[in-house]
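Written below as structure tokens is the structure these notes are about.
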Protein chains: 4
Amino acid sequence: MSPIVSEEYKRKKKKEILAGALACFAKKGFQAATIDDIVAYSGISKGAIYNYFKSKEEIYLELLNEQTESANARLAENISKFSSAEEKLEYLFDLYRDMSPFSQERKDRITVQLEFTLHSSRDENLNRILNERGKKFFLKLITDIMEEGQAAGEFRPDTDPSHVSGLFWTFMDGAMLHRVINEEYPYKTIIDYVKSLVLQDLKQE
Amino acid sequence: MSPIVSEEYKRKKKKEILAGALACFAKKGFQAATIDDIVAYSGISKGAIYNYFKSKEEIYLELLNEQTESANARLAENISKFSSAEEKLEYLFDLYRDMSPFSQERKDRITVQLEFTLHSSRDENLNRILNERGKKFFLKLITDIMEEGQAAGEFRPDTDPSHVSGLFWTFMDGAMLHRVINEEYPYKTIIDYVKSLVLQDLKQE
Amino acid sequence: MSPIVSEEYKRKKKKEILAGALACFAKKGFQAATIDDIVAYSGISKGAIYNYFKSKEEIYLELLNEQTESANARLAENISKFSSAEEKLEYLFDLYRDMSPFSQERKDRITVQLEFTLHSSRDENLNRILNERGKKFFLKLITDIMEEGQAAGEFRPDTDPSHVSGLFWTFMDGAMLHRVINEEYPYKTIIDYVKSLVLQDLKQE
Amino acid sequence: MSPIVSEEYKRKKKKEILAGALACFAKKGFQAATIDDIVAYSGISKGAIYNYFKSKEEIYLELLNEQTESANARLAENISKFSSAEEKLEYLFDLYRDMSPFSQERKDRITVQLEFTLHSSRDENLNRILNERGKKFFLKLITDIMEEGQAAGEFRPDTDPSHVSGLFWTFMDGAMLHRVINEEYPYKTIIDYVKSLVLQDLKQE
DNA sequence: GATGAATGAGGTTTCATTCAT
DNA sequence: AATGAATGAAACCTCATTCAT
């Protein structure tokens with residue numbers, strides 16, 4: 001009885017739903033956005049949405065998974081292209097700097113991501129998962145570069161790699177937050193400023 | 001001719017409600033926290049809460065006002081005690097650094113504050129107010145110090161004061177966010193690291 | 001401990017409360033008017049109101065009692081002054097006609113009275129009481145006059161007194177309703193028209 | 001691809017809700033009747049009711065619209081069938097007279113209608129709309145007949161048509177009010193009595 | 001697979017009444 | 001007697017989810 005549709009079709013449909021949900025969650029926040037908002041935005045019926053996701057929360061989680069994974073993949077892939085630690089670090093700063101000007105979709109993702117990050121502080125389990133992932137991926141991404149740079153003599157040896165990594169991600173999250181809430185925030189300039197401070201320091205003998 | 005309870009009493013009651021609300025909003029988020037949560041937490045009846053505040057939203061706004069104002073007051077007051085720009089800047093870094101270890105209440109406030117900041121990006125009007133206030137108070141606090149330091153020859157003259165200010169607040173928001181979501185985040189160490197980077201740079205001739 | 005106040009004082013206070021309640025009930029309706037409205041309007045505290053009346057409903061009922069009784073008293077007293085049935089009937093028509101222009105208070109009373117009358121249709125018991133009273137007082141007031149007039153040969157004998165009476169009160173209620181909802185309703189003119197129709201008919205031999 | 005239920009189905013559902021609401025409003029009054037009353041009475045869930053109407057007030061207004069429109073349609077349609085003004089006027093009197101004995105539903109409608117009419121006196125805007133409609137439709141209905149009758153020489157020319165019209169509607173509202181609150185009110189007899197008074201007078205040369 | 005009407009738990013807010021002072 | 005803060009039942013309305021078609 002059920003028309004059997006291709007996996008391709010299903011994937012497309014899911015993407016449509018996720019895109020609608022992202023826009024709605026960004027616009028109103030997860031709690032305030034309703035399934036009807038998503039229906040209105042995506043043009044997909046309520047029943048159909050529940051065919052693809054079993055709850056509003058699941059949509060949210062999938063949305064966040066999706067973005068972390070794609071971000072991770074992109075980063076890991078590109079970083080390996082550079083040979084020196086300095087270039088790698090520079091690349092990371094520039095990568096984030098060049099996100100600006102932000103597309104609406106990127107702003108939406110960031111808003112939703114930050115909101116979710118905050119929300120995670122309320123859920124022991126979620127929090128542990130996120131921190132674990134943060135350590136394993138984000139923190140390590142830069143400590144690896146730092147260690148590489150220090151081993152190669154590019155960077156001063158007396159700086160704790162995890163401090164640089166912590167500083168980087170702390171700063172990027174702060175910058176994205178400010179960018180999202182303030183159109184006039186000098187996102188690029190400030191990232192460049194921090195980049196110069198950090199690199200200057202690291203290269204000091 | 002009596003239950004005209006003292007203003008003192010009313011103030012105290014309001015504080016109790018706000019304290020309960022803060023805990024609940026921090027624990028669940030503004031949307032997810034219910035009036036019944038606040039009732040359960042504070043032991044104050046639903047009706048009484050509505051005698052003091054006319055809506056859940058009003059409680060939220062009052063909570064945020066309160067914290068901004070107290071923060072503003074504290075900062076402005078203390079900064080003026082120092083005579084050199086360097087000392088002032090150092091004081092600011094140290095002030096934020098020494099917030100750690102965070103009391104539960106401070107974490108709650110920060111969580112709620114960050115959530116609200118994010119939320120504000122969804123409300124044109126609120127957003128404008130917050131950015132205005134940010135510029136007038138937070139940004140200016142540091143650009144003033146910078147200009148003072150540059151005029152006095154303490155700081156190198158070629159750094160844009162607003163970049164330092166932007167960097168500072170970007171960083172502090174990021175650090176508080178990370179601290180709130182990650183118990184193990186080396187908050188103090190990283191703040192000291194950034195402080196050293198910034199001051200080192202500024203004092204370079 | 002309780003200051004013992006005079007009966008006079010109490011009566012005055014009750015009147016004040018009733019006056020405030022009348023205005024509020026007229027303005028919003030019994031259900032929609034709140035005790036706080038009455039507090040605001042009368043300037044008397046909530047506690048005090050509950051010292052004099054044991055519920056909002058009791059205030060309402062007292063208000064209606066008050067007006068029926070005063071109306072009854074006025075009518076009965078004045079009617080007896082006239083000697084002929086025709087004069088009495090004319091007096092009644094004129095009495096109602098000359099209520100216009102209506103003071104705000106009168107309009108309020110009428111609104112509340114009509115609302116109550118309607119409301120009474122929902123309460124078996126109340127309904128019976130009101131109909132009883134209506135028969136005993138209002139209906140009888142005019143059937144008595146009619147019978148007097150027919151006995152005296154003033155009025156044609158073949159008209160059922162109760163029909164004239166029914167017509168009169170039906171009409172007056174309708175006219176007051178229209179007057180209350182429509183500023184431009186030609187209240188006096190229409191009453192005079194009906195009066196002329198009725199008297200003309202009754203005096204026909 | 002289905003539960004796009006037919007328009008027919010929706011209309012029926014709406015009617016069911018309105019019927020339930022009418023009964024509840026009549027029984028308790030608009031304010032006192034609760035959505036849960038309507039749920040209990042109609043057997044339709046709260047959510048479903050809010051799918052069809054966006055507020056309790058909207059249900060009320062629709063109910064009143066419905067009845068005015070159907071009344072208007074019925075009247076306008078039938079009146080035109082008669083050729084003489086006298087017949088038309090007689091038809092109107094008879095139409096209202098023959099509503100009795102009142103079905104429960106008719107009594108409900110009248111109660112709700114009268115309550116609403118009274119209520120309208122509290123809302124400037126509503127009041128204007130209702131009076132406008134009253135003038136345009138109800139008043140005009142009879143002044144037209146009067147003018148027709150006077151032009152044709154059926155009715156005496158010295159009677160102001162608007163007085164007859166005013167008298168008619170004043171009387172009918174009064175009669176319906178009395179009928180609704182008093183089972184024993186001789187509705188038919190009194191209407192016939194008024195009809196005879198009015199027609200007698202109009203036909204006098 | 002798609003649709004959207006139906007459900008009802010649960011949220012916010014109001015307000016008559018009580019009662020300590 | 002007077003006051004008004006406190007109470008909590010009960011009102012209106014929303015919305016995630018289900019399910020008949």
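All values below come from the heavy atoms of this structure, side chains included, with hydrogens, waters and symmetry mates left out.
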Requested in this report: Take atom CD of C:Q31 and atom P of E:dA16, then tell me their distance rounded to the nearest Å.
Outcome: 9 Å
Requested in this report: Indicate whether OP1 or OP2 belonging to F:dA16 is found under 4.0 Å from a side-chain N or O atom of A:Y60.
Outcome: no
Query raised in the report: So does B:N51 reach the base of F:dA6 with its side chain, donor to acceptor, closer than 3.5 Å?
Result: yes
Query raised in the report: D:F53 near the nucleic acid: base, sugar-phosphate alone, or nothing, with a heavy-atom cut-off under 4.0 Å?
Result: nothing
Query raised in the report: Do D:E115 side-chain atoms and D:F30 backbone N/O form a donor-acceptor pair below 3.5 Å?
Result: yes
Requested in this report: Can you tell me the distance, in whole Å, between the CG atom of D:D36 and the P atom of E:dA9?
Outcome: 11 Å
Requested in this report: Indicate yes or no for a side-chain donor-acceptor contact from B:K56 to the backbone of B:Q31 under 3.5 Å, with no hydrogens or angles considered.
Outcome: yes
Query raised in the report: When all nucleic acid strands are considered with a 4.0 Å heavy-atom cut-off, which category describes A:A32: base, sugar-phosphate, or nothing?
Result: nothing
Requested in this report: Look at the side-chain N and O atoms of A:Y52 and state whether any lies under 4.0 Å from the OP1 or OP2 oxygen of E:dA2.
Outcome: yes
Report task. Both distances under 3.5 Å, Watson-Crick or G-U wobble: report the partner of E:dT13, or none. Result -> F:dA10
Query - N or O in side chain of C:K46 less than 4.0 angstrom from F:dG4 OP1/OP2 - result: no
Requested in this report: Mind checking the CD1-CD1 spacing from A:I181 to A:I110? Nearest 0.5 Å is all I need.
Outcome: 12.5 Å
Report task. Scan A:K54 against the nucleic acid and name what it touches under 4.0 Å (heavy atoms): base, sugar-phosphate only, or nothing. Result -> nothing
Query raised in the report: Closer to the 5' end of DNA chain E via nearest nucleotide, is it A:G43 or C:E57?
Result: A:G43
Report summary line: By nearest-nucleotide position on DNA chain F, the 5'-leaning member of A:Y50 and B:A48 is B:A48
Requested in this report: Whole angstrom is fine here: how far is it from CD1 in C:I49 over to P in E:dC19?
Outcome: 18 Å
Query raised in the report: Quick one: on DNA chain E, does B:K56 or B:G47 contact a more 5' nucleotide (nearest heavy atom)?
Result: B:K56
Query raised in the report: Taking C-beta and beyond as the side chain, do C:K28 and C:T34 meet within less than 4.5 Å on heavy atoms?
Result: no
Query raised in the report: Considering Watson-Crick and G-U wobble pairs with both distances under 3.5 Å, what does F:dA2 pair with?
Result: E:dT21
Query raised in the report: Has C:K13 got a side-chain N or O lying under 4.0 Å from the OP1 or OP2 atom of F:dA2?
Result: yes
Report summary line: Among the nucleotides E:dA16, F:dC13, F:dG4, whichever has the atom closest to the side chain of C:S45 is F:dG4
Query - Row check, B:Y52 ring normal vs B:K10 NZ/CZ: under 6.0 Å, within 45° - result: no
Requested in this report: Would you kindly compare A:S55 and D:I35 by the position of their nearest DNA chain F nucleotide and give the one closer to the 5′ end?
Outcome: D:I35
